[in-house]
There are 2 protein chains.
Amino acid sequence: MDSVKPKRTLVEETYNILIDAICSGELPPGERLNQDEIAAKLNVSRQPVNSAISILKANGLVEDTGRRSVVVCSFDSGLFRSIFEYRMVIEPFAVRLAGRNLAVADRQQADKVLRAGDKAFKSGKLSDLLQADMQFHEMIYGWSCNHVIQASMKTNWHHIRRSMAEVLRGPDAVLQIWDEHSEIVDCLFKRDTEKASQVMEHHINGAYEAIAEAISAPEKSS
Amino acid sequence: MDSVKPKRTLVEETYNILIDAICSGELPPGERLNQDEIAAKLNVSRQPVNSAISILKANGLVEDTGRRSVVVCSFDSGLFRSIFEYRMVIEPFAVRLAGRNLAVADRQQADKVLRAGDKAFKSGKLSDLLQADMQFHEMIYGWSCNHVIQASMKTNWHHIRRSMAEVLRGPDAVLQIWDEHSEIVDCLFKRDTEKASQVMEHHINGAYEAIAEAISAPEKSS
DNA sequence: CTCTCGTATTTCGTATACGAAATGCAAAAT
DNA sequence: ATTTTGCATTTCGTATACGAAATACGAGAG
């Protein structure tokens, strides 16, 4: 007999819904969060909404204006640069750790994730590709067995998703980055950790340039 | 005329007090957090306490037991390893970034922090030394101008403080690490960023070994 | 005496209530 | 017409209320 479902609280539910709305762009930067409104929309009282917003505030997704409302943080291009600067170091490092802990790496899991990525790539839907991309990288973080990397990147992916939501409004810049994923996995399982790490560094660098271009250039097309 | 003080909410106050109590060891791992009790002690209602605990939960400082109470997370030695594994890469990186942004680096600030460290070192109080150590490293994070590094390390220092609170109960293991700090600053301002980064890597490695020893060995003395 | 179960008490999550500050608006003043 | 000012309304933070689930505890069965 299995233990009963660990009931989620309304605070957690509300938090997840809000963070999703922010990262998907449904709540754009600068948008004011009205507690009554949100509470009504989610069919809960204002209290869980208030708590959820406190968490968002502590995590830097929203900021209060000093007045009586909190707003979704503006998307800072400096933050974007920080994230990729950071990933350029952390992602190759995660690969090296994964190489050391190869016992925890699961080839079947890798194949599944890679297949999902191929499918998303062929479908051409950038949002699907983003989802698959995130899953691939989170798999690597898991293999690294380093909880700090996992936690910090979880936060970062929120911001990445948020910035990508902006990109998605622009022309569909197809990112030609998927094939490097399978190369990384191959190198890892061939025990060539150093090569895998190098490919990852190149991969992040390429992703940054592609996205930075898509972000800075969209005005040209409109 | 200056603008009025931005009043802190009771939720924030409560959160800060709780996180401080956890990191100082006043609330040891496994301790149950009773909302009524905390509310009474802080002279607030249960509501801000409840919200503050939600934030702690989201940030992994406390966990709920599935029952009716949340407890302070047990201190995982794996997490400790993760943090120093991570710092071994991130701290030298932060130094390299600081070297590039040397314009923001403030020699006077550095001297002040270094002097405070010397004083704490001579006083022999490990808690003061820890405080000064944290300030030194946070100065470097600031110079790196990378917000992701700052944010992730802020969380990590909570855990470091928490683990050090354990160490402090044991024999006073004096950590002979302070002089490396001034060496790092010197190299930086001499524009020898690479050397500074290397010293930082060595520094973190030394700190890890010293602390790991102090943590694993305290039983011997009791 | 030990175990089991029913009941009282504690404790939490959430809803509602309430006061204070911010905002909107319209009438009065220039 | 534009600005100022006082009042009504909105909105938030916090306190209190309430029901449900967890725990403690004692009485009865074995």
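Residue numbering restarts at 1 for every chain, and letters A, B, ... go by the order of the sequence lines.
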> Which value, rounded to the nearest 0.5 Å, describes the distance between A:Q131 atom CD and A:M164 atom CE?
Replying inline: 12.5 Å
> Looking at residues 50-66 of chain A, who's got a heavy atom less than 4.0 Å off DNA chain D?
Replying inline: A:N50
>> For a quick check of understanding: with a heavy-atom distance under 4.0 Å over all strands, which category does A:Q47 fall into, base, sugar-phosphate or nothing?
In response: base
> Of A:L27, A:L18, A:I22, A:I55, which meets side chain to side chain contact (heavy atoms under 4.5 Å, CB included) against A:V62?
Replying inline: A:I22
>> I want to check something: taking the side chain as every heavy atom from C-beta on, are A:M153 and A:H137 in contact at a cut-off of under 4.5 Å?
In response: no
> Which two nucleotides bound the region of DNA chain C that has atoms under 4.0 Å from heavy atoms of chain A, read 5' to 3'?
Replying inline: C:dT14 to C:dT23
> Any side-chain donor-acceptor pair under 3.5 Å between A:Q109 and A:W143?
Replying inline: yes
> Does the side chain of A:E85 pick up a donor-acceptor pair with the side chain of A:S82 at under 3.5 Å?
Replying inline: no
> Are A:D20 and A:R161 close enough for a salt bridge, meaning some N to O gap below 4.0 Å?
Replying inline: yes
>> Which residues pass the side chain to side chain contact (heavy atoms under 4.5 Å, CB included) test with B:S144, not counting sequence neighbours?
In response: B:A94, B:L97, B:N146, B:I149
> So which one's nearest nucleotide on DNA chain C is more toward 5', A:V44 or B:L33?
Replying inline: B:L33
>> Judged by each residue's nearest nucleotide on DNA chain D, which is more toward the 5′ side, A:D36 or A:K7?
In response: A:D36
>> Using the rule side-chain hydrogen bond (donor to acceptor under 3.5 Å, both in side chains), only one of B:K154, B:Q150, B:E91, B:H147 pairs with B:Y141; which is it?
In response: B:E91
> Quick one: on DNA chain D, does B:R67 or A:N34 contact a more 5' nucleotide (nearest heavy atom)?
Replying inline: A:N34
